[in-house]
Amino acid sequence: MQQLPTFKQLQRNLKQPSPEWPIIRLAVTADSASQLLVQALRGYAYELQLRLEVYEADYDQIDLQLLDPGSELHAFEPAFILVWHSAEKLAARFQKSAPEERAGFAEAHIAHLGQLLDGVNRASKARVIYGNFIEYSDGVFGSYAAKLPSSWPYQVRKLNLALCDLARQHKSLFLLDLANLALEYGVDTMRDDRLALTASTVVGLDGLPVMAKAVLDIVAAATGRIKKCLILDLDNTVWGGVIGDDGLEGIEIGDLGVGMAFTRLQRWAKELKRRGIILAVSSKNDAAVAREPFEKHPEMVLRLDDIAVFQANWDNKVDNIRHIQSILDIGFDSMVFLDDNPAERLQVRQAIPALCVPELPEDPASWITFLRRLNLFETTSHSAEDETRTLQYQQEAARREVQHSYANEAEFLTGLEMLCTVEGFSSFNIPRVAQLILRSNQFNLRTVRHSEDDVRRMATDPDVVPLTFALHDRFGDYGLISVVILRRQDRALFIDTWLMSCRVLKRGVEDFVLNLLVEIARREGADRLIGEYLPTTKNALVKEHYSRLGFESFEGRWRLDVSAYRPRPTHVRRVPG
Amino acid sequence: MNAAEILAQVTTVMRDVLDNEAIQVKPETTAKDVPEWDSLAHVQLVSAIEKHFKIRFTAKELNGFRNVGEMCAGIEKRLAG
């Protein structure tokens, strides 16, 4: 994880052969020239190990391409559509509008966008990425514009806020925060006045990689590439100084020395934890010494209960990070490691190439800005359950501890007293269902990434039986951990989706689920269940799932005869209701 | 910096931007004479030349250059301040 590549470097990527990476189909439609941006997007996709297939609509055809279901854009069947209204054209429209219309300018634009989105939704399942607008003053009313609803600055700000509301209503709409990019990288980087005149293109050459990254960050997140865990070094990363040498009173946090830089990092990490990112510690230290500031230092923002896995010892960092990974049971590619020491970073990066190891600047004062710009934690969903994730991992650690006290696996599972709540899709659980569909990689039979809109539709589709499973045991709540989507196909039920959170592996939940699926099949008058395993790079875990559960292989799929089925033994009981 | 030096440096920048070490330019060379020099490459070329010489052309100047020689003259004028 280094500096952002230059546009020239992105162009050189286009000449590289592209390996068997996942293919993403992206359509771009804009009211300014988009060729340079498309080159940047394709070049940046290479950095993310994605193969981008792009349809670039002709200049200034946004409405036509989106509203006509038979347009070239829709015929291309994109997974994502980047719709780009430039702020310049928008301002020109504002200036042409009648004075009495101006106070309603933002509202009218939102209504128009709503129509475009409805058009897209009618024609395709594509997700729309739409840029918001740089909030610049037009120098007409000065600061007084803030009091004047008919002014440009007032309307552009109103528009940006209204876009957030629009994106909340339309789950398929994702906002590209161009206004923020202009703040972080400077307006002159993101907007080139001379290029707009000479080449009808709006973003400056140095701004193109910035915009391409922001677009593809959303695309990558929407396709399940998300970061879930932040691993922190301690000495000179979480606090200034070395706890073993400087002692509790000597380390820099808060008001001592440049301690505020470290306090800011801690606050950022704490915010991430609140959002649902798991925090872990990997530090070369005596365990008791390393824990002391978390327990006793009054200025520490992070406390022990914020940390899901605490690894402080004298083993090398690589082994410790591998240990953290094994406990959390998530991929290295969903973890970020922060360490001030370039040598440690290099060692870790070489040993675990999939791990993200940001090249922190030398001066801790600039870390937060640096990390913010990397935008490591992009996501396309958020649910209330995220916020309790650290607690769940801590409960899991407690379970592992008692597991040793049982003579065998079955006794341990019985001792857990597992209770499962089975429900369909409802407005309460749909965000979480959509998120599990997006995030589950390992225990996921077909890895079909249904969008939140799809999930909403399936909730009421008469040909679909949607099922969710929430698990509870005597150590705590796992929350919603498994999703199954059944589709009626004549006298069969096809298992479109069967996925499960890896936190409940080896609990026998799948036996419980299958018993229920058979019960439903019988009730629905189906005589068989049809399952399918579609391999990905990550789901080898469930390769034998259906054969293990007694399905027979036929024509590349798996079949279970419902009439001959005998319920499988399970340690999970169903919550009545 | 004299005209020959400017032309030599412009040639170097051009080879880098257009990714072709074989490019030879004369004052009368135009974009039509160089296959890689399309309208998108032109945008980058101008930006790279400006960065290299630490100058900035006006939009009008840019539109007025008909060949490499005129661009070099434009660079010389800007460098003279």
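A, B, ... follow the sequence lines: proteins, then strands. Residue 1 opens every chain. From a predicted model like this one, the values you see are computed outputs, not experimental measurements.
Residues D206(A) and K51(B) meet the side-chain proximity criterion, which asks for heavy atoms closer than 4.5 Å.
The line from CG of D19(B) to CD of Q11(A) is 8.0 Å long, rounded to the nearest 0.5 Å. To the nearest 0.5 Å, atom NZ of residue K8(A) and atom OG of residue S47(B) are 11.0 Å apart. Taken from CZ in R194(A) to NZ in K60(B), the straight-line distance is 15.5 Å, to the nearest 0.5 Å.
Closest non-hydrogen pair, V43(B) versus L195(A), comes out as CG1-CD2, 3.3 Å.
Counting heavy atoms of neighbouring residues, nucleotides and ligands inside a 6.0 Å radius, atom CD of E20(A) does not exceed 12 of them. Around the CZ atom of R42(A), the shell of radius 6.0 Å holds no more than 12 heavy atoms that belong to other residues, nucleotides or ligands. Within 6.0 Å of CD in E77(A) there are 12 or fewer heavy atoms belonging to other residues, nucleotides or ligands.
Of the two parts of D193(A), neither the backbone nor the side chain holds a non-hydrogen atom closer than 4.5 Å to a non-hydrogen atom of chain B. Heavy atoms of T58(B) lying under 4.5 Å from chain A belong exclusively to its backbone.
A salt bridge links D16(B) and R12(A); the closest N-O separation between the charged side-chain nitrogens and carboxylate oxygens is under 4.0 Å.
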